[in-house]
J.: 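Would you mind keeping the following structure in view while I ask a few things?
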Amino acid sequence: MKISIRLLLTLSVAIVLLVIFMSMLRPAEPLNGGSEYEVRVVNGFTNNSSLPLVIWCASKDSELGGRALQEHDDFSWRLKTNIWGTTHFWCTMKWDQMRKSFDAFKASRDAYRCGTARKCSWLVKEDGFYFSNDEVNWQKDFPWY
């Protein structure tokens, strides 16, 4: 009987430690669902007044539609993450002969990188796509091609 109680106590402690360890690896925030984010895509071209940047965005559950953005125009929306942490919005951009699809918001990638303000901003320029969570510090994520 002593062995059974000792084994049960050891298993209980192991389970508690495992739960604590798992919560440190992946904080509960993205899995809570309902966390609200703002996504903004800005036309950062310096001279495209005659040819707009065309954007079309969607998720598996909704289509946000398309817009033609002139210089410094933006397209933005708010979203709430789902309970599974799989919320995903993508956009297709077209300018002149260039076309590029990209993940504008992907919960597994952006839940933390969008910062405490939960702002996910994209600046589209001639040489590529830049990301920022404060619209002051921009980092190039990828080129057009």
Side-chain angles (χ1 to χ4, degrees), residues 6-145:
R6 186 177 293 170
L7 180 61
L8 185 60
L9 183 61
T10 302
L11 285 173
S12 298
V13 169
I15 289 171
V16 168
L17 291 174
L18 180 63
V19 168
I20 291 170
F21 178 71
M22 292 300 287
S23 69
M24 289 184 340
L25 284 179
R26 183 175 179 143
E29 175 68 31
L31 296 179
N32 280 344
S35 295
E36 192 169 299
Y37 290 84
E38 180 184 352
V39 180
R40 183 172 183 237
V41 182
V42 180
N43 179 344
F45 281 76
T46 55
N47 188 17
N48 73 325
S49 56
S50 64
L51 189 62
L53 176 66
V54 178
I55 180 172
W56 178 86
C57 299
S59 74
K60 71 176 182 112
D61 298 320
S62 65
E63 182 176 325
L64 300 176
R67 306 280 190 285
L69 305 178
Q70 296 296 332
E71 288 178 44
H72 309 295
D73 282 351
D74 70 284
F75 178 53
S76 60
W77 68 94
R78 292 190 168 280
L79 64 91
K80 284 192 176 185
T81 56
N82 63 32
I83 194 166
W84 303 278
T86 59
T87 305
H88 179 206
F89 283 81
W90 60 89
C91 295
T92 299
M93 312 293 291
K94 184 178 182 300
W95 185 76
D96 198 14
Q97 299 301 314
M98 296 188 291
R99 184 183 198 99
K100 178 80 170 182
S101 291
F102 73 102
D103 294 328
F105 181 86
K106 193 170 186 179
S108 60
R109 176 193 69 192
D110 295 324
Y112 303 105
R113 121 172 151 152
C114 291
T116 55
R118 295 185 175 129
K119 187 166 180 122
C120 315
S121 299
W122 293 95
L123 181 65
V124 182
K125 298 173 79 172
E126 292 88 347
D127 68 334
F129 294 68
Y130 293 75
F131 177 83
S132 176
N133 61 16
D134 61 8
E135 294 194 2
V136 174
N137 302 298
W138 296 93
Q139 181 175 346
K140 186 175 181 181
D141 258 23
F142 50 88
W144 273 93
Y145 38 84

J.: What do the steps show when you test N133 against R113 for side chain to side chain contact (heavy atoms under 4.5 Å, CB included), and what is the final call?
T.: CA-CA 7 Å; N133 61 16; R113 121 172 151 152; 5.9 Å; no

J.: If I take atom NE2 from residue H88 and atom CZ from residue F105, how far apart are they, to the nearest 0.5 angstrom?
T.: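 Spacing of NE2 (H88) from CZ (F105) equals 10.0 Å.
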
J.: Check the pair W56, E63 against side chain to side chain contact (heavy atoms under 4.5 Å, CB included), reporting the backbone distance first and the verdict last.
T.: CA-CA 9 Å; W56 178 86; E63 182 176 325; 3.1 Å; yes

J.: Hey, what do you get for NZ (K100) to OG1 (T92), rounding to the nearest 0.5 Å?
T.: 11.0 Å

J.: Please check if the side chain of T87 supplies one atom and the backbone of N82 the other of a donor-acceptor pair under 3.5 Å.
T.: yes

J.: Determine which pairs satisfy disulfide bond (SG atoms under 2.5 Å apart) with at least one residue from residues 97-145, sequence neighbours left out, and list them in order.
T.: C114-C120

J.: For the NZ atom of K106 and the CH2 atom of W90, what is their distance to the nearest 0.5 Å?
T.: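 CH2 of W90 is found 11.0 Å from NZ of K106.
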
J.: Give a yes or no on whether a salt bridge exists between R109 and D141, defined as a side-chain N under 4.0 angstrom from a carboxylate O.
T.: no

J.: Grab the two heavy atoms, one from G85 and one from A107, that are nearest each other, plus how far apart they are.
T.: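 Smallest heavy-atom distance, with atoms named: O-CB, 3.4 Å.
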
J.: Please walk me through it: do V41 and M93 pass side chain to side chain contact (heavy atoms under 4.5 Å, CB included)?
T.: CA-CA 10 Å; V41 182; M93 312 293 291; 4.0 Å; yes

J.: Does any N or O in the side chain of S35 come within less than 3.5 Å of the main-chain N or O of T81, such that one atom is a donor and the other an acceptor?
T.: no

J.: Does the K60 side chain pair with the main chain of S62, one donor and one acceptor, at a distance under 3.5 Å?
T.: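 It does not hold such a pair.
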
J.: Between K140 and D127, is a salt bridge (Lys or Arg N to Asp or Glu O under 4.0 Å) present by the stated rule, with each step listed?
T.: CA-CA 9 Å; K140 186 175 181 181; D127 68 334; 3.7 Å; yes

J.: For W144 and F129, I'd like to know if the aromatic rings sit close, meaning centre-to-centre distance below 6.0 Å.
T.: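 Yes.
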
J.: How about E126 and T46: does a side-chain donor come under 3.5 Å of a side-chain acceptor?
T.: yes

J.: Quick one: closest heavy-atom pair of W95 and L51, and the distance?
T.: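 So the two residues come closest at NE1-O, 3.1 Å.
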
J.: Compare every heavy atom of Y37 with every heavy atom of D110, then report the nearest pair and how far apart it is.
T.: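 So the two residues come closest at O-CE2, 4.2 Å.
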
J.: Report the distance from atom CD1 of I55 to atom CZ of F75, rounding to the nearest 0.5 Å.
T.: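 The CZ atom of F75 is 6.0 Å from CD1 of I55, to the nearest 0.5 Å.
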
J.: Find the distance between CH2 (W77) and CD (E38) and round it off to the nearest 0.5 Å.
T.: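 It comes to 10.0 Å.
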
J.: Is the distance between the ring centroids of W122 and F131 under 6.0 Å?
T.: yes

J.: How long is the straight-line distance from CG of D74 back to CG of L53, given to the nearest 0.5 Å?
T.: 11.5 Å

J.: Is there a donor-acceptor pair under 3.5 Å between the side chain of N43 and the backbone N or O of D73?
T.: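 Not confirmed, N43 side chain does not pair with D73 backbone.
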
J.: Does the side chain to side chain contact (heavy atoms under 4.5 Å, CB included) test come out yes or no for L79 and F89, once each step is laid out?
T.: CA-CA 9 Å; L79 64 91; F89 283 81; 3.7 Å; yes

